[in-house]
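To start, the structure under review is shown below, and the notes come after it.
Atoms considered below: every heavy atom in the structure, side chains included; atoms not considered: hydrogens, waters and symmetry mates.
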Amino acid sequence: MMKKIITISRQYGAGGSKLGHLLSKELNIPLYNHQLLTEIGKMTGIDENILRVIDENADRQRTSKLLDYIPEEAQKILKTETVFDTNSFYTMQEKTIRVLAEKGPCIFIGRQADFALKDREDVLSIFLYGDKEYRIDRMVKRTGKSEEEIAQELRRIDKERRNYCKYYTRREWGDYRNYDYSFNCATLSMEKISEIILQEVKCYA
């Protein structure tokens, strides 16, 4: 079975976005990271800024208030639209991922896309990780923030992603058994990781 869909799960600061862009450019296929929120916004009428607040976060209180921000007309559409479930943002996101995957080859970053597409045989799932020091140093250079600020963000975002994964999929975030490949970004460059993935994808072509 040809591997047409690539999913990239990642620790904060591990380079998921960079890897996604490298692969998207080389394969000439769409990349969905924050773009996924744009797609959901187009389909539902939900302001993208609202979606960003609850993105990859298992806070049920935030999610339960989501419909308060949806235009009335969009609410009517959602209640009758089979593609979406109005009960949770995660369900909207999961089904949007499936709809986009049906359109053809593409790359998803985060959002538990590998789990949403678990029934497909044409998915290659990746997990990027790295030691804390490497990731802090990388993000300090990228953002210009202090080591202390980045260290706090790293702890918070990794925790949010871990809880998000556990709550919605009942799986342990980062468990290598859930992915086709796990790469240590502290020991392999993004270019090398991209090369390995491209070779793997071509094997199925």
Side-chain angles (χ1 to χ4, degrees), residues 1-44 46 48 51-52 54-56 81-84 89-130 135 138-139 142 157 161 164-165 168-169 171 173-185 187-205:
M1 170 67 72
M2 180 179 177
K3 300 297 183 180
K4 298 187 299 183
I5 312 295
I6 299 173
T7 65
I8 302 172
S9 300
R10 73 290 185 226
Q11 290 183 322
Y12 176 69
S17 293
K18 182 175 181 179
L19 178 61
H21 282 289
L22 286 172
L23 293 170
S24 176
K25 182 178 180 180
E26 185 66 29
L27 295 169
N28 192 29
I29 60 177
L31 169 67
Y32 297 107
N33 186 2
H34 299 301
Q35 296 89 339
L36 182 61
L37 304 182
T38 302
E39 294 298 322
I40 296 174
K42 288 178 182 177
M43 296 178 183
T44 65
I46 306 172
E48 190 173 334
L51 298 177
R52 288 180 183 275
I54 56 176
D55 186 31
E56 293 192 287
E81 174 60 64
T82 57
V83 174
F84 296 106
F89 168 69
Y90 174 79
T91 303
M92 287 189 214
Q93 185 169 255
E94 183 180 59
K95 293 187 177 181
T96 302
I97 288 170
R98 292 174 183 164
V99 168
L100 293 172
E102 283 295 322
K103 293 182 178 181
C106 59
I107 300 166
F108 293 101
I109 297 179
R111 286 80 187 177
Q112 301 304 316
D114 57 307
F115 185 78
L117 302 173
K118 62 183 181 300
D119 295 329
R120 296 180 65 116
E121 296 181 0
D122 58 349
V123 177
L124 187 69
S125 59
I126 308 299
F127 186 79
L128 293 180
Y129 67 96
R135 292 187 286 134
R138 181 175 179 274
M139 294 307 292
R142 280 195 62 194
I157 295 174
R161 290 176 180 173
Y164 182 83
C165 178
Y168 288 114
T169 74
R171 300 190 309 179
W173 183 65
D175 186 334
Y176 72 91
R177 292 171 295 184
N178 295 325
Y179 311 95
D180 294 310
Y181 286 98
S182 292
F183 294 102
N184 186 343
C185 63
T187 60
L188 289 172
S189 69
M190 284 299 113
E191 290 73 19
K192 183 60 179 178
I193 294 173
S194 175
E195 180 184 328
I196 293 171
I197 295 171
L198 290 171
Q199 289 177 348
E200 182 70 8
V201 171
K202 290 174 182 177
C203 286
Y204 290 96

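With contacts defined as side-chain heavy-atom distances shorter than 4.5 Å, the pair I107/P30 does not qualify.
Judged by distance alone, the side chain of R135 and the main-chain N or O of Y12 form a donor-acceptor pair under 3.5 Å. Proximity of a side-chain donor or acceptor of K4 to a complementary backbone N or O of L124 within less than 3.5 Å is not detected. Using a distance-only test at 3.5 Å, with no hydrogens or angles considered, no donor-acceptor pair links the side chain of S24 to the main chain of G20. Although no hydrogens or angles enter the test, the distance criterion places no donor-acceptor pair under 3.5 Å between the side chain of R10 and the main chain of G15.
For S17, the side-chain hydrogen bond (donor to acceptor under 3.5 Å, both in side chains) partners are N33, not counting sequence neighbours. In terms of the salt bridge (charged side-chain N to carboxylate O under 4.0 Å, His left out) criterion, residue partners of K42 (sequence neighbours excluded) are, by chain and number, E39. Legend: residues meeting salt bridge (charged side-chain N to carboxylate O under 4.0 Å, His left out) with E195, ordered by chain and number and at least two apart, are K192. Considering only residues two or more places apart in sequence or on other chains, K25 meets the salt bridge (charged side-chain N to carboxylate O under 4.0 Å, His left out) condition with none of them. Residues passing the side-chain hydrogen bond (donor to acceptor under 3.5 Å, both in side chains) test with D180, sequence neighbours excluded: S125. Residues passing the side chain to side chain contact (heavy atoms under 4.5 Å, CB included) test with L27 are I6, I29, L198, sequence neighbours excluded. For Y181, the side-chain hydrogen bond (donor to acceptor under 3.5 Å, both in side chains) partners two or more places apart in sequence, or in a different chain, are E200. Among residues two or more places apart in sequence or in another chain, the side-chain hydrogen bond (donor to acceptor under 3.5 Å, both in side chains) test is passed with T38 by E48. Residues that satisfy the salt bridge (charged side-chain N to carboxylate O under 4.0 Å, His left out) test with R120, not counting sequence neighbours, are E102, D122.
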**Report entry** Stepwise side-chain contact (heavy atoms from CB on, under 4.5 Å) test for I193 and L128
**Finding:** CA-CA 10 Å; I193 294 173; L128 293 180; 4.0 Å; yes
Report task. Show your working on side-chain contact (heavy atoms from CB on, under 4.5 Å) between I97 and T7 and close with a plain yes or no. Result -> CA-CA 11 Å; I97 288 170; T7 65; over 6 Å; no
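Screening residues 98-127 for ring pair (Phe, Tyr, Trp, His ring centres under 6.0 Å), with sequence neighbours left out, gives Y32-F108, F127-W173, F127-Y179. Applying the salt bridge (Lys or Arg N to Asp or Glu O under 4.0 Å) rule to pairs touching residues 12-24 yields K18-E191, sequence neighbours excluded.
The shortest heavy-atom contact between Q93 and I40 is CA-CD1, 3.8 Å. Counting all heavy atoms, side chain and backbone alike, C185 lies closest to M190 at CB-CE, 3.7 Å. Minimum interatomic distance between E94 and A116 (heavy atoms only, all atoms of both residues): CG-CB, 3.5 Å. In terms of heavy-atom proximity, A101 sits nearest to L117 at CB-CD2, 3.8 Å.
Taking CG of L31 as the start and CG of L36 as the end, the distance is 10.5 Å to the nearest 0.5 Å. One finds the CD atom of Q112 at 9.0 Å from the CG atom of N178 (value rounded to the nearest 0.5 Å).
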